[in-house]
J.: 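Questions regarding the structure given below will be posed in turn.
Positions are given from 1 along the sequence. Every heavy atom of this structure was used, including side-chain atoms; hydrogens, water molecules and symmetry mates were not.
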Amino acid sequence: MVDIAKFFLEFTVDESCGKCAPCRIGTKRLLELLTKITDGKGTMEDLDKIEELANAIKSSSLCALGQSAPNPVLSTMRYFKDEYIAHVRDKKCPAGVCKKLVRYGINADKCRGCSLCSRNCPVGAISGEIKSPFVIDTDKCVKCGVCMDTCKFGAIEKK
């Protein structure tokens with residue numbers, strides 16, 4: 001839901017005419033805060049800032065675009081606050097869509113050591129010995145998901 005709210009806000013930022021400051025500047029600041037959260041750099045104070053800023057934009061924008069721009073953010077915060085908290089406190093995206101918060105790992109019990117994932121990894125982030133469980137170097141991993149798509153044993157897990 002955090003990513004959904006960010007998606008709608010990106011649209012609003014692009015469509016703002018720029019006439020009034022709440023819409024022109026406020027939506028950009030709101031998008032910056034959401035981006036900070038989806039990048040795993042958000043704080044609990046940012047959640048309070050988001051609500052305060054969203055309400056200010058809603059009440060002081062001149063047109064319907066600005067007045068409705070924060071609605072997806074306010075709605076998702078109201079009904080899915082736990083997802084925002086997971087992004088901030090646990091640095092995890094429950095939906096698994098915020099790329100910077102996703103981690104790929106290999107379940108050693110399921111890995112057969114076939115090396116298919118390693119051979120298909122575009123950055124060489126997977127290593128191991130044939131017929132032994134492979135491992136993913138999370139520092140090298142670009143989170144493309146190719147390993148997950150190619151593994152025939154379901155050993156790659158998105159965390």
Side-chain angles (χ1 to χ4, degrees), residues 1-107 117-118 120-127 135-151 154-159:
M1 284 297 149
V2 180
D3 190 58
I4 296 282
K6 184 178 155 191
F7 171 79
F8 281 108
L9 203 54
E10 286 169 346
F11 170 79
T12 306
V13 167
D14 287 341
E15 292 300 315
S16 174
C17 73
K19 185 176 180 180
C20 70
C23 185
R24 182 182 70 244
I25 300 168
T27 56
K28 285 181 185 170
R29 297 299 84 87
L30 200 53
L31 181 58
E32 287 170 2
L33 287 168
L34 286 177
T35 301
K36 185 178 172 185
I37 288 171
T38 59
D39 285 351
K41 299 173 183 170
T43 64
M44 293 303 281
E45 291 79 28
D46 289 333
L47 297 181
D48 296 332
K49 286 180 194 174
I50 286 172
E51 280 190 87
E52 184 180 335
L53 182 56
N55 285 316
I57 294 167
K58 187 174 179 142
S59 65
S60 59
S61 290
L62 296 176
C63 72
L65 178 75
Q67 293 166 3
S68 63
N71 286 347
V73 177
L74 291 169
S75 293
T76 56
M77 284 197 75
R78 180 176 177 193
Y79 295 107
F80 301 95
K81 185 91 172 203
D82 56 322
E83 288 194 27
Y84 282 86
I85 292 170
H87 278 73
V88 172
R89 188 182 310 141
D90 305 330
K91 306 296 183 210
K92 290 184 180 176
C93 177
V97 295
C98 296
K99 198 170 185 177
K100 293 193 178 180
L101 297 178
V102 171
R103 301 278 182 262
Y104 286 93
I106 298 177
N107 182 331
C117 60
S118 178
N120 286 288
C121 180
V123 293
I126 304 173
S127 61
V135 293
I136 297 175
D137 181 345
T138 55
D139 293 330
K140 288 184 182 178
C141 181
V142 293
K143 302 165 186 163
C144 64
V146 170
C147 56
M148 188 175 237
D149 294 338
T150 58
C151 182
I156 310 292
E157 297 174 342
K158 197 180 202 182
K159 301 172 187 176

J.: Determine the minimum heavy-atom distance between Thr76 and Val73, stating which atoms define it.
T.: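 Smallest interatomic distance, heavy atoms only, reads OG1-O, 3.1 Å.
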
J.: At what distance, to the nearest 0.5 angstrom, does OG1 of Thr150 lie from CD1 of Ile156?
T.: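 The CD1 atom of Ile156 is 7.0 Å from OG1 of Thr150, to the nearest 0.5 Å.
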
J.: Under 4.5 Å between any side-chain heavy atoms of Val135 and Ser127, yes or no?
T.: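 Counting from C-beta outward, Val135 and Ser127 do come under 4.5 Å.
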
J.: So, for Lys158 and Val102, which heavy atoms are closest and what is the spacing to 0.1 Å?
T.: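 Nearest heavy atoms, Lys158 then Val102: CG-CG1, 3.5 Å.
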
J.: Take Thr38 and Lys100 through the test side-chain contact (heavy atoms from CB on, under 4.5 Å) and record every step on the way to the result.
T.: CA-CA 7 Å; Thr38 59; Lys100 293 193 178 180; over 6 Å; no

J.: Shortest non-hydrogen contact from Glu157 to Asn107?
T.: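 Of all heavy-atom pairs spanning Glu157 and Asn107, the closest is OE2-ND2, 3.1 Å.
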
J.: For the atom pair CG (Asp3) and NZ (Lys99), what is the distance rounded to the nearest 0.5 Å?
T.: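 The CG atom of Asp3 sits 12.0 Å away from the NZ atom of Lys99.
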
J.: Could you tell me which non-hydrogen atom of Ala69 sits nearest to which non-hydrogen atom of Leu9, and how far apart they are?
T.: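 Nearest pair, atom of Ala69 first, then Leu9: O-CD1, 4.0 Å.
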
J.: Would you mind reporting whether Asp46 and Lys49 have side-chain heavy atoms less than 4.5 Å apart?
T.: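 SC-SC contact between Lys49 and Asp46 confirmed.
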
J.: Apply side-chain contact (heavy atoms from CB on, under 4.5 Å) to Lys91 and Arg103, showing your working.
T.: CA-CA 11 Å; Lys91 306 296 183 210; Arg103 301 278 182 262; over 6 Å; no

J.: Is any side-chain heavy atom of Cys117 closer than 4.5 Å to one of Met148?
T.: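 A side-chain contact under 4.5 Å is absent here.
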
J.: Atom CD1 in Ile57, atom CZ in Arg24: separation rounded to 0.5 Å?
T.: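 So the gap between those two atoms works out to 12.0 Å.
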
J.: In Å and rounded to the nearest 0.5 Å, what is the CD to CZ distance from Glu51 to Arg78?
T.: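 Going from CD on Glu51 over to CZ on Arg78, the span is 11.0 Å.
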
J.: What distance separates Met77 CE from Leu34 CG, expressed to the nearest 0.5 Å?
T.: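 So the gap between those two atoms works out to 8.5 Å.
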
J.: Going by the rule side chain to side chain donor-acceptor pair (under 3.5 Å), which residues pair with Arg29 if we only count those two or more places apart in sequence or in a different chain?
T.: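 Listed in chain order: Glu32.
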
J.: Donor-acceptor pair, distance only, cut-off 3.5 Å: does the side chain of Ser16 make one with the backbone of Thr12?
T.: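 Not at all, since once roles are kept as given, no pair shorter than 3.5 Å links the two residues.
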
J.: Identify the heavy atoms of Cys147 and Tyr104 that sit nearest to each other, and give their distance.
T.: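 Looking at all heavy atoms of both residues, the shortest contact is SG-CD2, 4.3 Å.
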
J.: Which heavy atom in Pro70 sits nearest to a heavy atom in Leu30, and how many Å separate them?
T.: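 Heavy atoms of Pro70 and Leu30 come nearest at CB-CD2, 4.3 Å.
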
J.: Side-chain contact, heavy-atom cut-off 4.5 Å: Lys58 with Asn71?
T.: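 Yes, close enough: below the 4.5 Å cut-off.
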
J.: So for atom NZ, which belongs to Lys19, do other residues, nucleotides or ligands contribute more than 12 heavy atoms lying within a distance under 6.0 Å?
T.: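 12 or below, so no.
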
J.: Is any side-chain heavy atom of Ile37 closer than 4.5 Å to one of Leu47?
T.: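 Sidechains of Ile37 and Leu47: in contact.
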
J.: Any chance NZ of Lys92 has more than 12 other-residue heavy atoms, nucleotides or ligands included, within less than 6.0 Å?
T.: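 Not more than 12 within 6.0 Å, no.
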
J.: Between atom NZ of Lys41 and atom CG of Leu33, what is the distance when rounded to the nearest 0.5 Å?
T.: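 Reported value, rounded in 0.5 Å steps: 13.5 Å.
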
